[in-house]
Undergrad: 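Just passing along the structure, written as structure tokens.
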There are 2 protein chains.
Amino acid sequence: MRFHSPAIQYFHAVRRTGSIRAAARLLNVASSAVSRQILKLEQEVGSPLFERNARGLTLTTVGEMLARHVMNVLQDLDRFRSDVASLSGTWHGTVSIACIESLTESVLPDLIASHRGRARRVSFTTEVKGSSDVLEALSRGEADIGIAMALRHPPDLRQVALKRFRLGAVVAGDHPLARGKTVTLTQCLAFPVIHALPELSIYHLLQPLIAQLSETPEPAIQANSIDLMRELAARGVGVAFQTQLGIGRLSRDSRLVFLPLDNAGSPVWSDLGIYVRAERTLPAYTESFLQELVRELGERERRENAAYPQVAR
Amino acid sequence: MRFHSPAIQYFHAVRRTGSIRAAARLLNVASSAVSRQILKLEQEVGSPLFERNARGLTLTTVGEMLARHVMNVLQDLDRFRSDVASLSGTWHGTVSIACIESLTESVLPDLIASHRGRARRVSFTTEVKGSSDVLEALSRGEADIGIAMALRHPPDLRQVALKRFRLGAVVAGDHPLARGKTVTLTQCLAFPVIHALPELSIYHLLQPLIAQLSETPEPAIQANSIDLMRELAARGVGVAFQTQLGIGRLSRDSRLVFLPLDNAGSPVWSDLGIYVRAERTLPAYTESFLQELVRELGERERRENAAYPQVAR
DNA sequence: TATAGCTGTTGCCGAAACGGCATCAACATG
DNA sequence: CATGTTGATGCCGTTTCGGCAACAGCTATA
């Protein structure tokens, strides 16, 4: 089912690989064929699409415009294919997800497992990145669904849902703080703290609050892995900060305790956004999974708010 | 700039004309070429796209799916072209509008004239239809912007804006009713009435109300042209019904008087919707005109509500 | 500084795709 | 039944495409 000019797919491959020869290898054709199609495209558009650097090709402004068009075409072709397939009863394809680390502990594995149980023919590709990288991957068409901290998102993305979860302190079960129900930042800073590095968005949530306190904190550990921070907290090394999303299983063992953070009487929220490319209609199987994802995150948000009642948003 | 497989454009032409030979004439190619491209497409999709009737071709279900994809591709190609053009300072293209008759008296001509004054290179195509035909033309990709009574719209359309205007009676300046400020349906039915035929949406707005009154109305005139109805009212033939949008110039001559309709103490609203295809990004020049259109209709809605104050929606 | 390895481009040539012409059978209309 | 129109097909010249090999330009390494 390849009724689009080869030039389209060649251009797409060159854009992704940044090189004509690499694209040719990817497409199993001669590099000369790819080169010629690109030259022909540039001639028809009337403007160069790539800047030829000595070490590969970079998109020009016009090239980026064409890339956007080509992405729209290829993604919509994908949707068309899935529509035709689902008409004849077949229901298969690959859902590609880019998300931040908080989801990997329980939300995503639970969802994917349950979805695969019902729709065996749907495959998944997931890539864990930082929040801004998630949005970028989405923009570049390298993922279908993105889950990231709800920062300002570029206009070519659409925020499908926005769920907020309470940021809290995570400590071992025998930690002194574990006796309380909630905890303030000042209380935490009395103990060794496991800080997030700036590449994690938790850093940007907490740093302004810590700066306000202007206390000299205890010598602390810094890390860029939520997983690592959690495991450190479980070993009693110190107090880590994150949402409850990431500590589902461990807290069930009561090795870890989650204590909602209290900042001058009000909770500290961590906003999670679900994103898709705006100029796009998702294939049916992707849309279906997206609905489940939104529902599940909404459910967790609801459950958590019930567990730690507080003034609502 | 034709970097899409000829099959795409041939298919599009065949879908629009409903005939291979007609499409061939339209494209200035031999009919055999068109026929073969369609056959090739069907072979690659793995399913027939058209039903061959003796007198032309009709889309199958799969064919309609492909039509949707092809429309997305071609419309997005248009947008890409306009993006490239606007990059080099050129700003031209054609805005295609489908709308109901109410707009033709002043809203649309005013807007188009003023827009053309500023952007000389933008052309316009406008087609006046019934409300449901407007939506259908939009769905089929025969227009970029649709203005129609806000009925339930198909999911492939997006309602950009919803403006409501008061339905009123339109009578000549020397009509007995013209002395009042507003008017009830019962008052109107005491005089000869110019009724809208069912093909006009005014019919569907008024019919339920008239049915409630269950009075035997005066022998009336029926028409399917808002223009004609207005001119009849201006000649004192009877009472016509429409929104104030359509009587701008004539009422300035005080040949016509607009009297907001009062139904059991509350106004009768006529909802006007502005629509575009959902799966689509508009070219810059079309988007620009769309913004002006929404702004202008919002302005008229505001002015009118100020002129005839009433409980807001 | 010479060499090896990479890049994109180009000339040449066979293969595949495309389009035009004439023709066919099927069907509708008069 | 005759006529006109429909889409499909065989034949053939033209165009396009892709593979091979060679080229110039550049970088990194020895």
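So that the names make sense, note that chain A is the first sequence line, chain B the second, and so on, each numbered from 1.
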Undergrad: With no hydrogens and no angle check, is any side-chain donor or acceptor of A/Ser131 less than 3.5 Å from a backbone partner on A/Ile100?
TA: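 No, because the side chain of A/Ser131 does not come within donor-acceptor range (under 3.5 Å) of the backbone of A/Ile100.
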Undergrad: Roughly, in whole Å, what's the span from CD in A/Gln43 to P in D/dT16?
TA: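 In whole Å, D/dT16 P and A/Gln43 CD are 11 Å from each other.
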Undergrad: Between P on C/dC18 and NE2 on B/His4, what's the gap in Å once rounded to a whole number?
TA: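 In whole Å, C/dC18 P lies 16 Å from B/His4 NE2.
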Undergrad: Starting at CD of A/Glu51 and ending at C1' of C/dG8, how long is that distance when rounded to a whole Å?
TA: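 So the CD-C1' distance, A/Glu51 to C/dG8, works out to 15 Å.
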Undergrad: Whole-Å distance between C/dC27 C1' and B/Leu57 CG?
TA: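 Those two atoms, CG and C1', are 14 Å apart.
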Undergrad: Can you confirm whether more than 12 heavy atoms, excluding those of B/Glu199, are under 6.0 Å from its CD atom?
TA: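 Count over threshold, so yes.
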Undergrad: Quick one: A/Ile20 CD1 to C/dT7 C1', roughly how many Å, whole number?
TA: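 So the two atoms are 9 Å apart, to the nearest Å.
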Undergrad: Using a cut-off of strictly less than 4.0 Å, decide whether A/Ser35 has a side-chain nitrogen or oxygen near OP1 or OP2 of C/dT9.
TA: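 Yes, A/Ser35 has a side-chain N/O under 4.0 Å of OP1/OP2 on C/dT9.
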Undergrad: Please tell me which of the listed nucleotides, C/dG19, C/dT7, D/dG7, lies nearest to the side chain of A/Arg25?
TA: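 Shortest atom-to-atom distance from the side chain points to C/dT7.
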Undergrad: Between A/Gln37 (side chain only) and A/Tyr10 (backbone N and O only), is there a donor and an acceptor less than 3.5 Å apart?
TA: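 Not a single qualifying donor-acceptor pair exists.
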Undergrad: Among the candidates D/dT9, D/dG18, C/dC18, find the nucleotide nearest to the side-chain atoms of B/Lys40.
TA: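 Of the candidates, C/dC18 comes closest.
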Undergrad: Closest-nucleotide mapping onto DNA chain D: is B/Asn53 or A/Val34 further toward the 5' terminus? I mean the 5' end.
TA: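 Here B/Asn53 is the residue nearer the 5' end.
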Undergrad: Where the side chain of B/Arg36 is defined as all heavy atoms beyond and including C-beta, which of C/dT9, D/dG10, D/dA8 is the nearest nucleotide?
TA: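 The answer is D/dG10, which lies nearest to the side chain.
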Undergrad: Which whole-number value in Å describes the distance from A/Leu27 CG to D/dC17 P?
TA: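 Computing the A/Leu27:CG to D/dC17:P distance gives 15 Å.
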Undergrad: In whole angstrom, give the distance that lies between atom CZ of B/Arg55 and atom P of C/dC27.
TA: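 To the nearest whole Å, that distance equals 14 Å.
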Undergrad: Under 3.5 Å, is there a donor-acceptor pair between the side chain of A/His4 and the main chain of B/His4?
TA: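 Pair absent, no side-chain N/O of A/His4 close to backbone of B/His4.
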Undergrad: Using a 4.0 Å heavy-atom cut-off across all strands, classify A/Arg21 as base, sugar-phosphate, or nothing.
TA: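 Base, at least one base atom sits under 4.0 Å.
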Undergrad: Between B/Arg68 and B/Glu279, is there a salt bridge with N-O shorter than 4.0 Å?
TA: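 Yes, charged N to carboxylate O under 4.0 Å.
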Undergrad: Using heavy-atom distances to pick each residue's nearest nucleotide on DNA chain C, tell me which of A/Gly56 and A/Ala33 is more 5'.
TA: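 Taking each residue's closest nucleotide, the earlier one in sequence belongs to A/Gly56.
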Undergrad: Looking only at side-chain atoms of B/Ser19, point me to the closest of C/dT9, D/dT6, D/dG19.
TA: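 Among C/dT9, D/dT6, D/dG19, the one nearest the side chain of B/Ser19 is D/dT6.
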Undergrad: Among C/dT9, C/dG20, C/dG19, find the nucleotide with the atom closest to the side chain of B/Tyr10.
TA: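 From the listed options, C/dG19 comes nearest.
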Undergrad: Which nucleotide in the set C/dG8, C/dG20, D/dA8 lies at the smallest distance from any side-chain heavy atom of A/Arg52?
TA: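 Between C/dG8, C/dG20, D/dA8, the one nearest the side chain of A/Arg52 would be C/dG8.
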Undergrad: Give one of base, sugar-phosphate or nothing for A/Leu39, where a contact means two heavy atoms less than 4.0 Å apart.
TA: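 Answer is sugar-phosphate: A/Leu39 comes under 4.0 Å of backbone atoms only.
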Undergrad: Is there a side-chain contact between B/Gln37 and the phosphate of C/dA17, meaning an N or O under 4.0 Å from OP1 or OP2?
TA: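 No, because none of the side-chain N or O atoms of B/Gln37 sits under 4.0 Å from OP1 or OP2 of C/dA17.
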Undergrad: Could you tell me whether B/Phe50 contacts a base, only the sugar-phosphate backbone, or nothing, with contacts defined as non-hydrogen atoms closer than 4.0 Å?
TA: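 Touches nothing.
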Undergrad: Who are the salt bridge (charged side-chain N to carboxylate O under 4.0 Å, His left out) partners of A/Arg52, not counting sequence neighbours?
TA: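 For A/Arg52 the salt bridge (charged side-chain N to carboxylate O under 4.0 Å, His left out) partners, ignoring immediate neighbours, are A/Glu42.
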Undergrad: Among the candidates C/dC27, C/dT10, C/dG8, find the nucleotide nearest to the side-chain atoms of B/Ala54.
TA: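 The answer is C/dC27.
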